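All ligand and atom numbering here is 1-based and tracks the order in the structure. Worth saying up front: this structure is predicted, and the values here are computed from it rather than measured.
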Amino acid sequence: MSKPNTAVVILLGPPGAGKGTQARMLEEGHGLVQLSTGDLLRGAVAKGTAAGLAAKAVMEAGGLVSDEIVLAVLKERMADPDLGQGVVLDGFPRNIAQAEALDALLAGMGQRVTAVVSLEVDDAAMVDRVAGRYTCAACGEGYHDHFKQPAVAGTCDKCGGTEFKRRSDDKAETVRARLDAYHAQTAPLIAYYEARGVLDRVDAMGSIEEIRTALARVLGSVAA
Ligand code: AMP
């Protein structure tokens, strides 16, 4: 990411808040590139890299992978010149140390965090939201057992794929551990970014479309 003044948007929120879904919509509608440290780590696990091997057990338990590993996979991806009009970070930063490391990384590129949106949800609903979700194995389009089924059962609306997958850490007990990690380590970032004047809050208990509209309103020209 070498161009100055490219947008750096951060989506904050617990598992199930809709960060991934909304980040993908911002990619399609606003020319931003989604950077998900969870996806990067799952890729490393699938490839069996050293980072992936170190991260696997922690991810399966719903804990946070070490800052060192996460920063290494993120830096590698951010060095890519093909980052469009900017990036939307989904799942990063996850604690204050990562936020400070991001500030330093961006400062070195002549950039800064442009906007941070906290997706505000009712925790109790998140276990059901997460435990029912699955994605198309071919294109990654997201679905849900109760909230969003494909129009034709068993066929992806977007690419026609017929294979679907579920994340191994989306089991109810692991989701609870992930929610605990969010509250203990990630939620303090709301105050961190609020103090910098870049934070907005969006009610994320509505439908995917309602959240998309609210997010577009808040981001305005940041991600036009
Ligand atoms: P996610 O796809 O964002 O829900 O992330 C899935 C899992 O990957 C998390 O439960 C963590 O174990 C790990 N992970 C993803 N991003 C981070 C991060 N920024 N810091 C530490 N662990 C992370």
>> Same cluster or not: Val127 versus Tyr134, using hydrophobic residues (I, L, V, M, F, W, Y) connected whenever any side-chain heavy atoms lie under 4.5 Å apart?
In response: no
Using a strict 4.0 Å threshold on nitrogen-to-oxygen distance, state whether [X] and [Y] make a salt bridge.
X      : Y      : value
Lys171 : Glu60  : no
Arg212 : Glu28  : no
Glu141 : Lys148 : yes
Arg129 : Asp122 : no
Asp170 : Arg133 : yes

>> I need the contact residues for ligand 1: any residue with a non-hydrogen atom closer than 4.0 Å to the ligand, ordered by chain then number.
In response: Thr37, Gly38, Leu41, Arg42, Met59, Gly63, Leu64, Val65, Val70, Gly91, Phe92, Arg94, Gln98, Arg167, Asp169, Arg178
